[in-house]
Structure formats: C-alpha cells, structure tokens
Amino acid sequence: MASEENARARAGEDPAQFRLTVVDQALRLFADKGYEATTVDEIAEAAGISRRTFFRQFRSKEDVIFADHESQLTQAAAYLAGARDGDPWEAVCAAVVQVFERFTQWREIAARRYQVVRRVPALREREIVTVFRYERLFTDYLRERLPESPDLARVQFTAAVTATHNYLLRRMVRGESDAGAADLRLELAAIPRGRGRSYDEEEMVVAVFPRDMPSRQVVDLLARQLGTLRPGS
C-alpha cells in the first residue's frame, strides 16, 4: 500500500485536494463493487491512507461521497460574504456559476457520483438535503442584502437557479450535453429577479387546462393569453 506521505504528496499538500483524492478512490470502488459492499478499510487502502486518517477526514462512507460539496459550500459562502457591492441577485448567479465551473473540472468524479447515488435510495435522500443547503445559503444571503424583497420571491429565485445548475450538470455527467459556464450564465439570466412588492389579487392569473394537454401547448397558450392582458381588462 502506498504510504500516507505519498498520498499527501500526490495531492500537493493541499487538504482540499487530498480529500478529493480520497473521494475519487472511494467512488471508483463504489462503482466497481457497490456502495454497501465497499468497506472503509478498502477505501483507505486505495487512497494510500490509514483508517485513522480516514476518520479524521470523514465521518462515514456517506460523507466521502459528498465531501466535495462541503468544499463547494464553503467557497460559495466565502464568495457571497465578500460580495457586498453590486446586484445581490447577480452575486448569487455568479456563485452558482463558480460551483458549476469547479464541478466541470472534476467531471469524472461528478459522473461517478451520479452513477452511485442513483442506485442507493439513502444517498439520493442525502443529495436532496445537500441541494437544500445550497438554496438556504443563497436565500439567507438575499434576505440579508434585500430585506425589503418578498421572501417568496427570494425563495423562488434561489430554487430556480439551483435547479437550473443541477439540470445542466446532470445532463453533462450523463454525457447528454457539453454545456459550459457560458450556457449556464445564459439560462440564469432568463430567470426573473424578485419583485420589489408583494403580489396582490389583481395581479394573479388562474388558468385551467386539460390534464393530457402537452406542456409545450400549455406554455404557448399561456404566452398568447398573457400577452393580451392589459391593466383593467
């Protein structure tokens, strides 16, 4: 087994990169042997570290799978903490793009994690919780920076930007798209920013469509009908 010193040397003495090396080896084993069949000792051996070092870095096998998310959340929080000037909505978008760019650098790891997580229900639940942590980080930032904006508008915005990021990332790791950061920026720019006042009843539009109507037809009909509305109509 390679020595722990060699493992750290391969990671360039960077703690975050060292953890990523362990994540990479763990995901390879999970993909080859299965999540439940892989032991902590096997992960430690593959990564060239001791069992004790493994548990200094991670609490469990499950933590290994999402360890890079911890780094991502920390870096996103640091970015937003320094984003005190400019448009807060745009700052959230910039933070999301940075997360996406880092995942594209670790594309193979992201792809292997996707394959492992989709096979294990408990890991899918953990992934949902992780996504919520991103949304909460972004929403809390907007609450601090835009206290006058409706809270629903902030929550809707952060849910939309997070979902857009995840959609493009999943397509990338499944090999269905080679979309990059520029594509994500374009999609994020199309998401409405929060309104400066709450919605009232006169601004609400209710529409009813047949259950089996194709979604594209629903969108087209809504667009045409909303385009004909005028104040007081």
Any donor-acceptor pair under 3.5 Å linking the side-chain atoms of [Y] with those of [X]?
| X | Y | result |
| --- | --- | --- |
| Arg170 | Tyr114 | no |
| Glu70 | Thr74 | no |
| Thr139 | Arg136 | no |
| His69 | Tyr134 | yes |

Shortest non-hydrogen separation from [X] to [Y] and the atoms involved:
| X | Y | result |
| --- | --- | --- |
| Arg193 | Leu188 | NH1-O, 2.9 Å |
| Ala181 | Val97 | CB-CG1, 4.0 Å |
| Ala94 | Tyr79 | CB-OH, 3.3 Å |
| Val116 | Ala31 | CG2-N, 4.0 Å |
| Gly180 | Phe100 | C-CE2, 3.6 Å |
| Ala67 | Val23 | CB-CG2, 3.6 Å |

Verify the neighbour count for atom [atom1] of [X]: are there more than 12 heavy atoms of other residues, nucleotides or ligands below 6.0 Å?
| X | atom1 | answer |
| --- | --- | --- |
| Arg52 | CZ | no |
| Tyr167 | OH | no |
| Asp32 | CG | yes |

Treating [X] as the side-chain partner and [Y] as the backbone partner, does any N or O pair qualify as donor plus acceptor under 3.5 Å?
| X | Y | answer |
| --- | --- | --- |
| Thr53 | Ile49 | no |
| Thr162 | Ala159 | no |
| Arg171 | Ser177 | no |
| Glu42 | Thr39 | yes |
| Lys61 | Val40 | no |
| Gln72 | Val99 | yes |

Cluster question for you: counting only ILVMFWY and a side-chain heavy-atom cut-off of under 4.5 Å, with indirect links fine, are [X] and [Y] together?
| X | Y | result |
| --- | --- | --- |
| Val173 | Leu20 | yes |
| Phe132 | Ile65 | no |
| Ile191 | Val92 | yes |
| Leu73 | Leu80 | yes |

Go through it in stages, so that I can follow the logic: the residues are Tyr35 and Val117, the test is side-chain contact (heavy atoms from CB on, under 4.5 Å), and I'd like the CA-CA distance, side-chain angles, deciding distance and then a yes or no. CA-CA 9 Å; Tyr35 174 74; Val117 169; over 6 Å; no
Would you sort out whether Ser71 and Gln75 count as a side-chain hydrogen bond (donor to acceptor under 3.5 Å, both in side chains), showing the intermediate values? CA-CA 6 Å; Ser71 175; Gln75 292 182 74; 3.0 Å; yes
Report the C-alpha distance between Glu101 and Arg185 in whole Å, list the side-chain angles of each, state the deciding distance to 0.1 Å, and finish with yes or no for salt bridge (Lys or Arg N to Asp or Glu O under 4.0 Å). CA-CA 11 Å; Glu101 288 179 320; Arg185 289 190 188 95; 3.4 Å; yes
Taking atom [atom1] of [X] and atom [atom2] of [Y], what is their separation to the nearest 0.5 Å?
| X | Y | atom1 | atom2 | result |
| --- | --- | --- | --- | --- |
| Thr104 | Leu168 | OG1 | CG | 11.5 Å |
| Trp106 | Leu27 | CH2 | CG | 12.5 Å |
| Arg143 | Arg154 | CZ | CZ | 6.0 Å |
| Leu123 | Phe66 | CG | CZ | 5.5 Å |
| Thr130 | Glu125 | OG1 | CD | 12.0 Å |
| Thr164 | Leu186 | OG1 | CG | 11.0 Å |

Would you say that [X] contacts [Y] through its side chain, given a criterion of any heavy-atom pair below 4.5 Å between the two side chains?
| X | Y | result |
| --- | --- | --- |
| Arg133 | Leu137 | no |
| Phe30 | Val120 | no |
| Ile43 | Leu29 | yes |
| Trp89 | Ser149 | yes |
| Ile109 | Arg112 | yes |

Ion pair check, [X] and [Y], cut-off under 4.0 Å:
| X | Y | answer |
| --- | --- | --- |
| Asp63 | Arg126 | yes |
| Asp24 | Arg28 | yes |
| Arg113 | Glu108 | no |

For His165 and Phe103, take the angle between the two ring planes, folded into 0 to 90°, and tell me which bin it lands in: parallel under 30, tilted 30 to 60, perpendicular over 60.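 Plane angle between 30° and 60°, so tilted.
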